[in-house]
S.K.: 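Pasting in a structure now, in structure tokens, and then I'll have a few things to ask.
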Amino acid sequence: MTELAVLPPDFAKEAAIMEKTWASKPGVIGWLSETGHKQIGLRYIVTAFLFFLAGGIEAALMRIQLLKPENHFLGPDAYNQIFTMHGSTMMFLFAVPIMEGFGVYLVPLMLGTHNVAFPKLNAFGYYIYLFGGLFLYTMFLLHAAPQAGWFSYVPLAGPQYSPGKGVDTWAQMITFTEVSGLVVAVELVVTTFKQRCPGMSLNRIPLFVWSMIVVSFMIIFAMPAVMIASGYLSLDRLVGTHLYNRSEGGDPLLYQHMFWFFGHPEVYIIFIPGLGFVSSILTAFTGRKIYGYTAMVSTLVVTAFLGFSVWVHHMFATGLPQLGESFFTAASLMIVLPTGVQIFCWIATIWSGRFRIATPVMYVIGFFLVFIVGGLTGVMLASIPIDWQVHDTYFVVAHFHYVLIGGALFPLFGAFHFWFPKWTGRMYSEVMGQISFWLLLIGFNVTFFPMHVLGLYGMPRRVYTYQPGMRWGNLNVLASAGAVFMALSVLTMIINFLVSRRAGRVAGANPWNADTLEWSLPSPPPVYNYLHVPTVSGLNAVWDAAPDQPYVTGMRFDRREILITRVLDAEPDHTEQLPGHSPWPFVLSCTMCIGLWGAIFFAWWFTIGAVLSGIALIGWFWPSDRELEDHILREKGELGGLELGMPEPVREEMP
Amino acid sequence: AAIRGRRRAEAVDNPAHDRRLGIFVSTCAAVTIATLFGLLFSSVATGNAIGTFGKNKPGQIEIEVTGHQWWWEVKYPDALAPANQITDANEIHIPIHTPVLLRLDTRDVIHSLWIPNLHGKRDLIPGRVNKFWIQADRPGVYRGQCAEFCGYQHAHMALTVVAESSADFLKWKSHMGEGAPTPMTPAQLRGQQVFLSAPCAKCHNILGLDAYGTLGPDLTHFRSRPTLAAGQLLNTRGNLAGWIMNAPAIKPGTTMPPNQLSGQEMSDLLAYLETLR
Amino acid sequence: MTQRVLDVAALTEGTADSRSLIWWGNLAMLAIEGTMFAMAMATYLYLRSTNLDWPPSTVPKPDLLMPTINTVMLLLSCIPAFIIDRASITKNMLPIRICQALSIAVGLLFLYIQYAVMVPSLGYKWSSHAYGSVVWVIIGMHTLHMVAATGETALLFLYSLFKPVLKKHLLDFRCTAVYWYFVALVWVPFYFIIFIEPWMQRKGS
Amino acid sequence: MTVLVALLLPLPAYAHAGHHHLESSTFMRWWSWEPFVILPLAITGAVYAAGVLRMKGIRKWQIASFAAGWIALVIALVSPLDALGGILFSAHMAQHEILMIVAAPLLVFGRPLVAFLWALPAAWRVPVGHFFQRDPIKKTWNWITAALVVTILHAIALWVWHIPSWYEATLRNDGIHALQHISFLLTATMFWWSLTHGRYGRLGYGAAVIYVFATAGHSGALGALITFAPHLWYPIYGARTAAWGLNAIEDQQLAGLIMWIPAGVLFTILGIAIFAAWLGEAERRVALGTSDALRKERT
């Protein structure tokens with residue numbers, strides 16, 4: 001590579017070509033064959049947010065039902081469906097996908113590349129997620145929703161005690177959303193390790209991106225477990241296997257082990273991106289780099305490691321070996337340490353930086369307050385004698401809402417406000433932002449703090465009603481009242497965003513003076529992201545850039561060409577061309593729906609779907625005309641050679 | 001494009017400052033570790049104490065609790081004379097100051113027995129027997145309930161634990177061991193016939209009567225129990241009549257079917273059931 | 001002021017080795033599927049440890065001959081896969097085509113033997129007992145992967161007969177070869193637990 | 001965190017301290033002085049010491065690491081732990097874990113191969129070094145120590161030896177027992193060697209973290225299976241354990257737990273150390289200026 005000292009380019013002309021190369025196609029078919037990461041990322045975010053609203057409405061219905069003892073607002077049938085839907089929606093259709101959406105949207109921007117590594121796969125992941133969610137809600141509206149809880153323990157969810165198609169729907173939804181999760185995980189891992197802009201060595205990857213890498217690895221090793229667990233459930237229900245049937249040699253606890261082997265990492269999969277948001281926001285609002293970068297990254301990895309060995313603490317009440325208690329408690333307590341170190345590093349950062357206040361950072365403060373309470377009750381739950389008392393009570397409900405809303409939702413809402421100017425090019429209203437924050441903080445605590453007390457008073461989870469004389473009534477009224485504030489908060493936020501999107505102040509490229517690469521782009525970013533791949537010379541890309549910070553030249557503008565760099569030091573290695581629009585991801589997700597939905601009703605549909613999917617895959621991988629055209633040009637010598645007789649491959653990092 | 005319009009933040013990081021921050025973070029981490037150790041030790045010590053207190057103590061008794069959707073079956077096995085086993089439902093009688101070993105099993109799905117004032121939870125899992133110890137030191141009535149979601153009526157699956165002096169307990173036990181009292185009045189006799197001819201006897205057992213159903217709770221001394229339908233209703237005559245007429249309306253999902261009884265049959269049946277004390 | 005640039009025009013476009021995106025994607029997919037197989041294995045071992053009667057006494061000792069031949073054949077099929085892998089580096093199409101044809105033949109034969117000989121001789125069904133369920137699940141999972149590996153090879157074979165072979169197809173050949181190793185090797189522990197292990201048990205202990 | 005593990009181990013035993021029927025003073029005398037164990041240990045230690053004395057390149061912490069690893073070997077193979085392993089499954093498990101994730105990595109961090117080479121007389125050093133650099137030998141070595149290969153080898157060693165009939169055979173026959181220990185120690189040493197000094201050096205530390213994770217995963221799974229098993233895996237321990245006051249099933253649970261949790265914590269520590277070294281390597285390379293064009297020295 002050479003350095004040029006001249007500044008020749010005609011940016012406008014190049015930009016016009018790039019615009020044409022990367023542009024979206026018009027029309028419905030164009031929309032369905034979109035593969036740009038920003039569009040797909042936004043679709044994830046919007047879809048997941050809509051599911052969040054649905055889950056919120058379900059929560060509100062539950063709160064109404066629990067307002068008074070022996071209430072008849074919802075019967076047990078409706079209530080059990082609704083709490084199952086609430087849990088499944090929030091875990092599988094909202095929390096994970098929305099974090100993935102942020103990853104898909106932000107990671108390529110933060111890394112200085114044009115798109116994710118496998119754009120078609122990315123689009124496929126979105127549709128499969130969407131269809132999984134729509135299928136669940138369709139069945140819900142047809143009164144055939146699952147009602148065995150979001151955890152679907154067998155034998156309650158098994159063929160004998162849950163007749164109907166509800167649990168099958170649930171199991172299939174799991175397959176769909178987990179496929180989508182796995183797809184995004186693969187995307188993000190490969191994108192991050194191979195497509196970083198030159199100069200972004202491992203130790204300069206933004207912390208948010210690290211959090212997404214850690215999450216992606218956790219997804220790769222955790223989500224297969226729940227797919228297998230729910231797959232066995234489907235098989236037991238649909239074709240009569242006995243994997244969970246004790247009387248034929250199966251074991252219901254096998255399901256719990258596999259479910260929580262996934263379920264515990266799942267919690268981290270949800271809140272680790274939240275930690276990434278916090279780091280991003282704090283960097284911008286303290287004006288200094290995060291204190292203890294290496295410690296922050298390492299503790300994320302430690303959390304991931306430990307997350308896989310403590311699933312058993314969800315099963316303390318199943319009667320585990322007494323001897324194991326000290327081990328399980330110790331392992332669960334150990335998780336506190338890495339998370340604690342992160343929090344201490346943030347405090348150190350705030351302490352030594354120039355702290356400014358705005359809505360995003362207020363959400364971060366909310367995160368600290370709420371998440372720490374959740375962490376403390378988590379420490380309590382790690383203790384087996386305490387867990388035996390409060391397990392499956394409202395105390396646990398309070399605990400994990402403090403962890404998940406504190407650890408994921410507060411940072412997420414902060415992230416909404418933080419990146420809103422980047423998405424839309426306009427600023428949100430600060431006043432409304434702060435109003436929605438206070439409503440959420442107050443509403444959340446009013447809703448969930450009393451649940452700790454309810455749990456200690458003995459109110460179990462998942463009861464559709466309770467009896468008078470249990471002293472639970474008033475606290476339930478309080479909790480329901482808090483929910484009103486939470487609803488108002490979300491409403492305020494939506495209105496704020498909808499209005500500001502059109503009428504907000506123009507934001508400019510970097511309203512927060514933040515440090516990561518996406519803030520060097522105009523808001524909203526152009527369809528191709530970077531006209532020239534940037535380079536970075538420090539952890540805080542924007543702040544550390546020299547006045548003449550180099551950018552990359554010599555790449556094609558008329559192809560979707562991306563720069564591949566080396567894993568460790570991000571030295572330029574080679575270029576690759578990404579595919580453009582393609583209808584096949586959509587088609588493939590439809591054929592998979594035929595197979596997997598159909599199988600619920602008649603097993604042969606699975607085979608039909610598999611054959612159709614095979615055909616769709618052939619279409620998917622069929623080279624485009626453009627690739628063949630390039631090939632012909634190459635043979636004529638008009639477009640670089642095909643370098644046959646390549647040297648012995650350099651095996652770089654992986655075997 | 002190249003990165004344009006960048007502003008460099010003032011350098012806030014200086015080494016001396018960062019050293020202080022390092023000390024802060026490592027001190028906090030050390031304190032965290034120390035605290036966790038304290039918690040670990042106290043937790044394990046407590047766990048051991050409550051997990052094993054009944055072992056090797058004299059005079060312990062064993063009770064078998066079986067979960068059903070949505071009620072509890074309670075058995076008092078008699079090791080010496082298995083035929084003397086007592087069967088009860090939705091209430092556990094225990095003597096005070098005595099360690100009681102509960103053996104937990106389930107007939108259908110997973111349930112979890114939780115008597116908050118006596119101990120934490122333990123799941124009832126198909127195909128395995130979980131055991132745990134409880135002990136009451138004060139006489140009284142303790143409420144317990146199912147803590148693991150078990151379907152439609154998970155909310156209505158409570159039981160009561162009656163802790164009483166050993167003498168009272170033995171008295172209760174011997175009373176329970178007797179069969180049902182013989183009906184005296186004509187109404188009661190007619191009621192007994194209703195019980196046997198209507199579907200009741202298919203599901204319920206009454207000791208000393210030609211009724212051996214095991215799907216529903218044992219009714220031999222059912223009027224001595226304080227509640228109906230696993231803690232949902234007080235065991236009053238009115239509630240009982242409503243329950244027999246149309247149980248699913250009161251407790252949707254219950255396996256107890258509605259019964260088409262004439263007014264006369266119902267009052268006879270109630271008269272008979274009144275005797276089962 | 002001058003503006004520095006980093007000129008990458010000299011870099012090659014695309015590679016057919018471990019540096020490329022697809023290679024990494026392939027590895028990630030293998031990690032996912034490897035985890036799934038590990039879960040299937042864990043299921044087997046878990047159920048084995050909770051059942052004293054395992055395999056159930058009604059299950060006859062498995063036939064060893066055909067499954068062993070089949071397994072050895074599958075392992076040997078790594079050799080053509082290896083040749084495809086190596087020959088793709090230099091785009092030497094003749095050995096690639098021959099070995100692809102060979103792989104397809106082995107794949108089909110393996111599947112034929114699995115379903116025409118081995119499965120009927122098992123003596124139980126997935127619905128017979130949990131042992132049957134888990135064995136069938138394992139065989140089914142592996143079959144799906146075998147079908148995928150064979151199908152992928154077949155499609156690449158047919159495609160390369162009629163259409164120009166681009167660099168990305170060379171990469172596809174190599175990734176398919178890696179996938180083939182995976183599908184072949186992952187069968188070995190399952191072969192061991194389904195066919196060998198029942199013979200190693202001292203019954204009645 | 002190491003302290004945490006160390007403190008964790010005695011806890012369950014502590015809970016049962018009141019019960020054991022064997023006096024600790026009795027079993028503390030059970031040192032094994034098997035020449036087949038003592039001799040190789042002594043020779044290895046001496047050769048390493050000789051090599052280190054002659055050569056300057058090995059750092060102090062590396063020497064300390066080797067020494068610690070050597071002591072761990074003594075604890076595992078010579079101290080009463082070895083004899084106790086014949087009575088208690090859990091002690092046997094602790095012994096194996098010490099071999100595989102304490103001794104093996106510590107020995108490897110001490111760069112024993114370099115030290116051994118230097119222990120040779122000066123005249124031999126170069127030819128021996130050259131011999132190992134020759135193509136077929138180097139290629140074979142590279143292949144055998146490829147991270148994936150050693151990970152699989154180590155996994156096979158771990159799982160195969162836990163098949164009941166095989167494991168019980170080691171308790172009946174000292175020769176088989178020695179073979180088991182050798183295969184655990186050897187594959188583990190190769191595993192850690194390959195990850196830390198292997199072909200790709202620090203470049204490969206990213207992949208190494210995944211291999212550590214995978215190994216932690218399958219070994220933890222084996223531990224979990226042993227912990228939750230309702231029956232004895234190795235009935236031979238049934239009678240032996242009673243003398244210790246644990247019942248055999250509890251002993252088995254303890255063994256499984258040791259393999260699952262303390263070992264998992266050690267894997268985590270080693271994994272994170274490798275990960276941090278990977279990040280450090282990135283930092284070093286950037287500082288060395290391979291990304292020269294990007295540094296901001298020019299204005």
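Within every chain, numbering begins at 1; the chains are lettered A, B, ... in the order of the sequence lines, protein sequences first and strands thereafter. Computed from a predicted structure; not experimentally measured.
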S.K.: Going through the checks in order, is the salt bridge (Lys or Arg N to Asp or Glu O under 4.0 Å) test met by B/Arg225 and B/Asp88?
M.R.: CA-CA 9 Å; B/Arg225 305 205 276 260; B/Asp88 195 3; 2.9 Å; yes
S.K.: Side chain, backbone, both or neither: which part of A/Ile384 has an atom under 4.5 Å from a heavy atom of chain B?
M.R.: backbone
S.K.: Quick one: does B/Leu40's side chain get under 4.5 Å of B/Leu36's, heavy atoms only?
M.R.: no
S.K.: Aromatic rings B/His68 and B/Trp71: how do their planes relate, parallel, tilted or perpendicular, breaks at 30° and 60°?
M.R.: parallel
S.K.: May I have the step-by-step check of side-chain contact (heavy atoms from CB on, under 4.5 Å) for B/Gln145 and B/Leu159, ending in yes or no?
M.R.: CA-CA 6 Å; B/Gln145 65 204 315; B/Leu159 81 170; 5.7 Å; no
S.K.: Using a 4.5 angstrom heavy-atom cutoff, name the option from A/Thr329, A/Leu156, A/Val154 with the most pairs to chain B.
M.R.: A/Leu156
S.K.: Can you tell me which of A/Ala317, A/Gly458, A/Pro460 forms the most heavy-atom pairs within a distance under 4.5 Å of chain B?
M.R.: A/Ala317
S.K.: Got a donor-acceptor contact below 3.5 angstrom from the B/Ser112 side chain to the B/Ala147 backbone?
M.R.: no
S.K.: Heavy-atom cut-off 4.5 Å, strictly under: side chain, backbone, both or neither for A/Gln160 against chain B?
M.R.: neither
S.K.: Out of B/Leu39, B/Asp108, B/Thr46, return the one with the most heavy atom pairs under 4.5 angstrom to chain A.
M.R.: B/Asp108
S.K.: With a 6.0 Å cut-off on ring centres, are A/Trp351 and B/Phe24 close enough?
M.R.: yes
S.K.: Indicate yes or no for a side-chain donor-acceptor contact from A/Thr535 to the backbone of A/Pro550 under 3.5 Å, with no hydrogens or angles considered.
M.R.: yes
S.K.: Quick one, B/Ile134 with B/Leu102, criterion side-chain contact (heavy atoms from CB on, under 4.5 Å). Give me CA distance, side-chain angles, the key distance, then yes/no.
M.R.: CA-CA 7 Å; B/Ile134 57 171; B/Leu102 297 180; 3.8 Å; yes
S.K.: So what's closer than 4.5 Å to chain B heavy atoms on A/Gln147: side chain, backbone, both or neither?
M.R.: both
S.K.: Side chain, backbone, both or neither: which part of A/Asp251 has a non-hydrogen atom closer than 4.5 Å to chain B?
M.R.: side chain
S.K.: Check whether B/Arg20 gets within reach of chain A through its side chain, its backbone, both or neither, counting any heavy atom under 4.5 Å.
M.R.: neither
S.K.: Is any NZ, NE, NH1 or NH2 atom of the basic residue among B/Asp123 and B/Arg128 found under 4.0 Å from an Asp or Glu carboxylate oxygen of the other?
M.R.: no
S.K.: Sub-4.5 Å heavy-atom contacts with chain A: which residues of residues 244-255 of chain B show up?
M.R.: B/Pro252
S.K.: Please work out whether the ring planes of A/Tyr255 and A/Tyr153 are parallel, tilted or perpendicular, with thresholds of 30° and 60°.
M.R.: perpendicular
S.K.: Backbone N or O of A/Thr318 within a donor-acceptor pair of the B/Asn130 side chain at under 3.5 Å?
M.R.: yes
S.K.: Measuring heavy-atom distances to chain A, does B/Ile125 have an atom under 4.5 Å in its side chain, in its backbone, in both, or in neither?
M.R.: side chain
S.K.: Of the backbone (N, CA, C, O) and the side chain (C-beta and beyond), which part of A/Gln342 lies under 4.5 Å from a heavy atom of chain B, both, or neither?
M.R.: neither
S.K.: Which bit of A/Tyr464 is near chain B, if near means a heavy-atom gap under 4.5 Å: side chain, backbone, both or neither?
M.R.: both
S.K.: Check each atom of A/Val379 against the heavy atoms of chain B and say whether the ones under 4.5 Å are side chain, backbone, both or neither.
M.R.: side chain
S.K.: Is any NZ, NE, NH1 or NH2 atom of the basic residue among B/Lys131 and B/Glu62 found under 4.0 Å from an Asp or Glu carboxylate oxygen of the other?
M.R.: no
S.K.: For A/Gly508, does its backbone N or O pair with a side-chain atom of A/Ser523 as donor and acceptor, under 3.5 Å?
M.R.: yes
S.K.: Name the residue from B/Arg143, B/Gln232, B/His156 that meets the side chain to side chain donor-acceptor pair (under 3.5 Å) definition with A/Gln467.
M.R.: B/Arg143
S.K.: Report yes or no: does A/Ser520 contribute a side-chain atom to a donor-acceptor pair with the main-chain N or O of A/Glu518 at less than 3.5 Å?
M.R.: no
S.K.: Heavy-atom distances under 4.5 Å only: say whether B/Cys150 touches chain A with side chain, backbone, both or neither.
M.R.: backbone
S.K.: Any sub-3.5 Å donor-acceptor pair from A/Asn71's side-chain atoms to A/Gln65's backbone N or O?
M.R.: yes
S.K.: What residue, out of A/Val336, A/Thr349, A/Ile386, A/Val552, has the most heavy-atom pairs lying under 4.5 Å from chain B?
M.R.: A/Val336
S.K.: Sort B/Phe149 into side chain, backbone, both or neither according to what part of it lies under 4.5 angstrom from a heavy atom of chain A.
M.R.: both
S.K.: Can you say whether A/Leu253 sits under 4.5 Å from chain B via the side chain, the backbone, both, or neither, judging by heavy atoms?
M.R.: side chain
S.K.: Quick check on the interface: out of A/Pro526, A/Ala15, A/Pro252, who has the most heavy-atom pairs with chain B under 4.5 Å?
M.R.: A/Pro252
S.K.: Pull out the residues in residues 115-122 of chain B that come under 4.5 Å of chain A, heavy atom to heavy atom, sorted by number.
M.R.: B/Pro116, B/His119, B/Gly120, B/Lys121, B/Arg122
S.K.: Given that the side chain runs from C-beta out, which part of B/Gln69 has a heavy atom under 4.5 Å from chain A: side chain, backbone, both or neither?
M.R.: side chain
S.K.: Evaluate the criterion ring pair (Phe, Tyr, Trp, His ring centres under 6.0 Å) for residue pair B/His93 and B/Tyr76; output intermediate values, then yes/no.
M.R.: CA-CA 10 Å; B/His93 280 249; B/Tyr76 299 75; 7.7 Å; no
S.K.: A side-chain contact here means heavy atoms from C-beta on lying under 4.5 Å apart; do B/Met256 and B/His204 qualify?
M.R.: yes
S.K.: Can the positive tip of A/Arg471 be found less than 6.0 Å from the middle of the six-membered ring of A/Tyr457, inside 45° of the ring normal?
M.R.: yes
S.K.: With a 4.5 angstrom heavy-atom cut-off, could you sort out which part of B/Ile50 is near chain A: side chain, backbone, both or neither?
M.R.: side chain
S.K.: What part of A/Phe151 gets within 4.5 angstrom of chain B, counting heavy atoms only: side chain, backbone, both, or neither?
M.R.: side chain
